[in-house]
Amino acid sequence: MIKAVLFDVDGTLIDSNDLHATAWRETFLKFGVDLPHELIRSQIGKGGDNLIPALLPRELVERKQQEIEDYRSDLFKRDYLPRVVPFPGVRALFERIYADGKKIVLASSAKGEEVEFHLGVIGAGDLVTGTTSADDAEHSKPDPDIFAAAMKKVAPLTPGEVVVVGDSPYDVEAACKLGLKTIGFRSGGFPDEVLLEAGAAELYDGVEDLLANYDGSLLARASAPA
């Protein structure tokens with residue numbers, strides 16, 4: 001029986017993936033690297049600790065990684081964070097999950113102040129059991145640290161009692177490392193085959209699609225008596 005749902009935030013609950021990609025591209029240009037938007041976009045879902053080494057030359061990473069991360073963080077907070085909006089239907093979906101007796105945790109690797117901002121934008125803080133942030137993890141997705149931290153928020157539940165909802169293959173990979181099943185959302189812009197190859201158990205267009213098909217979803221089916 002499913003007793004908790006761990007939600008990724010960026011690209012899953014809020015429409016921010018393109019904003020993140022744009023902020024990274026602007027940052028890389030500042031440090032003398034011109035990369036296509038779509039290449040950067042394919043890495044969104046990772047934190048800077050994993051995204052930067054995947055895209056930049058090793059020598060630059062070794063010299064400037066923390067400086068690059070700090071610049072991008074300040075840039076995003078100043079110029080892009082105020083522009084993020086939630087996908088339609090987030091509160092309605094949370095209300096359905098909450099009414100079903102399940103706990104909800106936001107499993108984000110964003111900075112703590114960003115997570116608080118997102119929680120306010122979503123407008124469902126009263127339905128959320130807990131949140132995670134970059135402070136709770138040594139490494140970002142696809143490493144499993146964030147979901148491991150989120151699992152502590154719903155302890156002593158086992159992986160079989162928890163489902164992850166995310167939009168990127170990095171969410172799915174991280175969840176799989178802990179034995180957690182994942183519902184994948186297309187709202188983050190990743191192709192179906194990429195999400196399925198990573199191990200997603202089900203795919204939906206996004207928040208409203210999962211809500212509309214809740215009774216047939218992994219959440220409801222796994223909650224039904226055997």
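When reading the values below, keep in mind they use all heavy atoms of this one structure, side chains included, and skip hydrogens, waters and symmetry mates. All residue numbers refer to positions in the sequence shown, counting from 1.
- Cluster membership for L203 and V165, using ILVMFWY side-chain heavy atoms within less than 4.5 angstrom, is not shared.
- V194 and P169 make their closest contact through CG1-CG, 3.6 Å (heavy atoms, listed as atom of the first residue, atom of the second, distance).
- Under the salt bridge (Lys or Arg N to Asp or Glu O under 4.0 Å) criterion, E59 pairs with R63, not counting sequence neighbours.
- Hydrophobic cluster membership of L29, counting Ile, Leu, Val, Met, Phe, Trp and Tyr whose side-chain heavy atoms lie under 4.5 Å apart directly or via other members: none, as it forms a cluster of its own.
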Side-chain donor-acceptor distances from residues 107-125 under 3.5 Å, at least two apart:
from, atom 1, to, atom 2, distance (Å)
S108, OG, A110, N, 3.0
E113, OE2, K77, NZ, 3.4
H118, ND1, E114, O, 3.3

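- Annotation: side chain to side chain contact (heavy atoms under 4.5 Å, CB included) contacts of V85 (sequence neighbours excluded): D15.
- I146 and I104 fall into different hydrophobic clusters, defined by Ile, Leu, Val, Met, Phe, Trp and Tyr side-chain heavy atoms under 4.5 Å apart, directly or through other members.
- Note on L195: it does not cluster hydrophobically with L218, by side-chain heavy-atom contacts below 4.5 Å among ILVMFWY residues.
- Classification of K141 and D8 as a salt-bridged pair holds, one side-chain N sitting under 4.0 Å from a carboxylate O.
- In this structure, F190 CZ and L196 CG are separated by 14.0 Å, a value rounded to the nearest 0.5 Å.
- Rounding to the nearest 0.5 Å places CG of L81 at 9.5 Å from CG of L19.
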Does D49 form a side chain to side chain contact (heavy atoms under 4.5 Å, CB included) with Q65? I'd like the steps, not just the answer. CA-CA 8 Å; D49 61 318; Q65 176 154 348; 4.2 Å; yes

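- For the atom pair CG of D143 and CD of E173, the computed distance is 10.0 Å after rounding to the nearest 0.5 Å.
- In terms of hydrophobic clustering, with Ile, Leu, Val, Met, Phe, Trp and Tyr side chains grouped at heavy-atom distances under 4.5 Å, L93 and V5 are assigned to a common cluster.
- Taking 4.5 Å as the limit, every side-chain heavy atom of V207 sits out of range of all side-chain heavy atoms of R91.
- Once rounded to the nearest 0.5 Å, the distance linking CD of E69 with OG1 of T27 reads 10.5 Å.
- The distance from atom CE of M1 to atom CG of D100, rounded to the nearest 0.5 Å, is 7.5 Å.
- Atom OG1 of T129 and atom OH of Y98 lie 8.0 Å apart (nearest 0.5 Å).
- The shortest heavy-atom contact between C176 and A198 is SG-O, 3.8 Å.
- The closest side-chain donor-acceptor pair between Y170 and N50, if any, does not fall under 3.5 angstrom.
- Take D70 and apply the salt bridge (Lys or Arg N to Asp or Glu O under 4.0 Å) test, not counting sequence neighbours, and it matches no residue.
- No side-chain donor-acceptor contact under 3.5 Å links D167 and S187.
- Contacts of D135 classified as salt bridge (Lys or Arg N to Asp or Glu O under 4.0 Å), with partners at least two apart in sequence or in another chain: none.
- A distance-only check finds a donor-acceptor pair linking the side chain of N17 to the backbone of G188 [under 3.5 Å].
- Through side-chain heavy atoms spaced under 4.5 Å, either directly or across other Ile, Leu, Val, Met, Phe, Trp or Tyr residues, V105 is tied to L6, F147, M151, V154, L157, V162, V164, L178, L180.
- Neither I44 nor V172 shares a network with the other; the hydrophobic side chains, linked directly or stepwise wherever heavy atoms of I, L, V, M, F, W or Y lie under 4.5 Å apart, form separate groups for each.
- With sequence neighbours excluded, the residues forming a ring pair (Phe, Tyr, Trp, His ring centres under 6.0 Å) with F94 are F7, listed by chain and number.
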Quick one: do R72 and F76 satisfy side chain to side chain contact (heavy atoms under 4.5 Å, CB included)? Show the steps, please. CA-CA 6 Å; R72 200 287 318 181; F76 187 81; 3.4 Å; yes

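- By the side chain to side chain contact (heavy atoms under 4.5 Å, CB included) test, L56 is found to be paired with F28, V33, L35, I52, L60, V61, I68, residues two or more places apart in sequence or in another chain being considered.
- Judged by distance alone, with hydrogens and angles left aside, the side-chain atoms of D209 form no donor-acceptor pair with the main-chain N or O of G206 at under 3.5 Å.
- Considering every non-hydrogen atom in both A174 and P144, the closest pair reads O-CB, 3.6 Å.
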Going through the distances and angles, do E208 and F87 end up as a side chain to side chain contact (heavy atoms under 4.5 Å, CB included)? CA-CA 8 Å; E208 289 186 311; F87 287 112; over 6 Å; no

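- Pairs of residues two or more places apart, or lying in two chains, that qualify as salt bridge (Lys or Arg N to Asp or Glu O under 4.0 Å) and include a residue from residues 176-205 are R186-D192, R186-D205, E202-R221.
- Every pair passing salt bridge (Lys or Arg N to Asp or Glu O under 4.0 Å) that includes a residue from residues 19-39 is listed here, sequence neighbours excluded: R25-D34.
- Looking at every heavy atom in both residues, G184 comes nearest to A200 through N-CB, 4.3 Å.
- A donor-acceptor pair under 3.5 Å is formed between the side chain of D145 and the backbone N or O of E138.
- Every residue two or more places apart in sequence or in another chain was checked for a salt bridge (Lys or Arg N to Asp or Glu O under 4.0 Å) with K46, and none qualifies.
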